[in-house]
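Below is one structure, written out as structure tokens; the observations come after it.
Atoms within a ligand are numbered from 1 in the order they appear, just like the ligands themselves.
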Amino acid sequence: MKTQPKKLSLTARIIIGMILGIMTGFVIREFLADITFVHDYIVDGLFEVGGSIFIASLKMLVVPLVFVSLVCGTSTLSDISTLGRLGGKTLAFYLTTTAIAITLALTMGTIVQPGAGADLGAATAFEAKEAPTLGQVIIGMFPTNPINSMAQGNTLQIIVFAILFGIAISAAGKAGERIASVFNDLNEVIMKLVALLMHIAPFGVFFLMAKLFTTLGLDAIESLMSYFAVVSGTLVLHALLTYGLMLKLFTGLSPLTFFKKMEDAIMFAFSTASSNATIPVTMETATKRLGVSNKVASFTVPLGATINMDGTAIMQGVATAFIAQAFNVDLTMGDYLAVIMTATLASVGTAGVPGVGLIMLAMVLNQVGLPVEGIAMIMGVDRLLDMIRTAVNITGDSVVTCIVGKSEKEMDIARFNDPRAGEKDEEVHLHKA
Ligand code: ASP
């Protein structure tokens with residue numbers, strides 16, 4: 001029997017792409033930055049074009065995927081009370097994990113005191129944007145024109161429309177069945193598109209990392225070392241401890257298997273710094289690898305990518321403590337509670353795109369009367385933290401997806417435990433079978 005040479009797994013290829021990208025970026029920044037050709041044609045040419053195409057193709061899939069899979073999911077719901085229960089549970093878990101995240105962050109920020117003696121001279125002007133109120137967020141969930149919501153990629157509005165559409169399908173008898181079968185076929189096709197995209201991911205990730213690291217100023221990290229360390233440490237702690245414990249406690253499943261299976265999604269989130277752009281990969285991971293049914297995952301994943309931002313809340317918690325210490329402001333117990341409340345709500349209102357968490361921080365600071373200019377102090381290291389916190393954000397979405405899936409008996413445990421599950425679905429044959 002002829003043995004085929006062992007192919008590297010997709011995950012391994014993405015990791016290689018990422019590491020090579022980071023190294024290439026560094027080398028260019030350190031040694032080749034002055035060469036016009038390298039700058040114009042490699043960094044601003046090849047890397048920029050390659051990276052932008054990769055991000056664009058991920059985003060291209062988000063709207064059709066969210067809409068189609070959620071319509072499929074809700075059209076199979078037998079009764080509306082299931083939907084209410086599912087929604088209630090998901091929201092409760094999302095809000096609780098975020099509140100835990102921010103509490104952990106404030107605790108760490110207060111114990112380590114990263115802002116004590118910080119240099120305020122670094123603060124330059126920061127233009128705070130107006131953060132939306134909770135009322136605006138809720139009103140904004142309801143579309144007036146679903147095509148417009150899709151054109152603008154407004155995930156919450158798409159979710160609301162898809163749920164209503166799915167419910168109507170399940171209530172529409174024979175006609176509903178025909179439409180549902182079209183949507184199920186469409187869903188299969190879109191998932192294949194996701195698989196196709198995963199195959200170019202190693203290159204996409206390479207381009208993104210290479211471009212970013214030619215420009216990323218790491219000097220800022222030195223002066224903000226303790227802030228950076230507290231945020232990243234708390235992010236890792238929350239991911240491993242809170243999520244690990246919650247998964248074990250509520251599902252009895254192995255956190256180790258969970259994290260192993262999250263690899264690809266975590267890397268996508270890290271390199272794109274966008275929960276939203278990562279939705280296709282998180283969905284694929286949740287359904288094909290973790291074994292949660294589409295019925296649950298199609299609801300929890302896009303919703304989580306839009307409203308559940310534990311990593312962002314952690315950054316905001318530590319940042320608040322840091323800025324308070326740097327400006328010598330003492331926060332009272334009431335202030336801490338206000339921060340927990342506002343940061344949890346801010347997390348709901350934060351869109352899953354790069355850098356928004358920092359803008360929403362203004363809302364949290366305002367709440368406790370801290371100077372918004374403080375944001376300028378931490379801006380320098382935010383991009384790297386954004387990457388790490390986005391990875392935590394989507395890990396949180398996936399943990400809750402597993403918990404809700406298991407409790408609704410919508411999870412294939414054998415699939416979760418099978419280390420190779422999902423690999424077959426990733427194969428794409430472009431020739432006729
Ligand atoms: N980039 C984050 C996300 O997409 C949001 C943020 O914290 O800025 O999840």
Side-chain angles (χ1 to χ4, degrees), residues 51 54-56 58-59 61-63 66 94-95 97-98 101-102 104-105 126 128-129 131-132 137 153-156 205 208-209 212 216 227-228 230-232 234-236 238-239 243 262 265-283 285-286 300-320 322 339 342-365 372 375-376 378-401:
F54 176 58
I55 295 268
L58 271 172
K59 288 192 185 158
L61 289 179
V62 172
V63 172
V66 170
Y94 279 159
L95 293 179
T97 48
T98 309
I102 172 96
L104 197 63
F126 175 83
K129 287 212 187 86
V137 173
N154 187 322
T155 316
L156 283 181
V205 168
L208 282 181
M209 292 296 100
L212 181 69
L216 199 66
Y227 168 74
F228 187 85
V230 177
V231 178
S232 45
T234 314
L235 285 170
V236 174
H238 182 67
Y243 294 157
M262 284 298 294
I266 286 178
M267 273 185 294
F268 268 74
F270 182 82
S271 34
T272 59
S274 166
S275 304
N276 234 323
T278 313
I279 288 176
V281 188
T282 320
M283 279 287 282
T285 306
T300 54
V301 170
L303 186 69
T306 318
I307 70 161
N308 183 46
M309 312 268 168
D310 296 357
T312 304
I314 286 175
M315 175 279 284
Q316 291 173 342
V318 179
T320 308
F322 175 82
V339 171
T342 348
T344 307
L345 294 180
S347 145
V348 176
T350 305
V353 287
V356 189
L358 204 63
I359 296 170
M360 296 300 277
L361 177 59
M363 176 172 149
V364 181
L365 295 178
V372 170
I375 293 179
I378 51 175
M379 240 161 35
V381 289
D382 196 63
R383 174 66 210 204
L384 208 53
L385 288 176
D386 195 6
M387 295 158 78
I388 311 174
R389 70 176 178 253
T390 308
V392 172
N393 287 345
I394 61 113
T395 308
D397 303 341
S398 307
V399 166
V400 173
T401 299

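Under the side-chain contact (heavy atoms from CB on, under 4.5 Å) criterion, Ile55 pairs with Lys59, Leu208, Thr272, not counting sequence neighbours. Scanning for ring-ring contact (aromatic ring centres under 6.0 Å, His included) contacts around Tyr94 gives an empty result, with sequence neighbours left out. Partners of Thr97 according to the side-chain hydrogen bond (donor to acceptor under 3.5 Å, both in side chains) rule, which considers only residues two or more places apart in sequence or in another chain, are Asp310.
Considering all non-hydrogen atoms of both residues, Ile394 and Ala269 come closest at CG1-CB, 3.7 Å.
When atom types are taken as modelled, the side chain of Asp386 and the backbone of Gly355 share a donor-acceptor pair closer than 3.5 angstrom. Looking at Gln316, its side chain never comes within 3.5 Å of a backbone N or O of Val364 through a donor-acceptor pair.
Near ligand 1, residues Ala273, Ser274, Ser275, Met309, Thr312, Ala351, Gly352, Val353, Pro354, Gly355, Val356, Gly357, Asp386, Arg389, Thr390, Asn393 come within 4.0 angstrom through at least one heavy atom.
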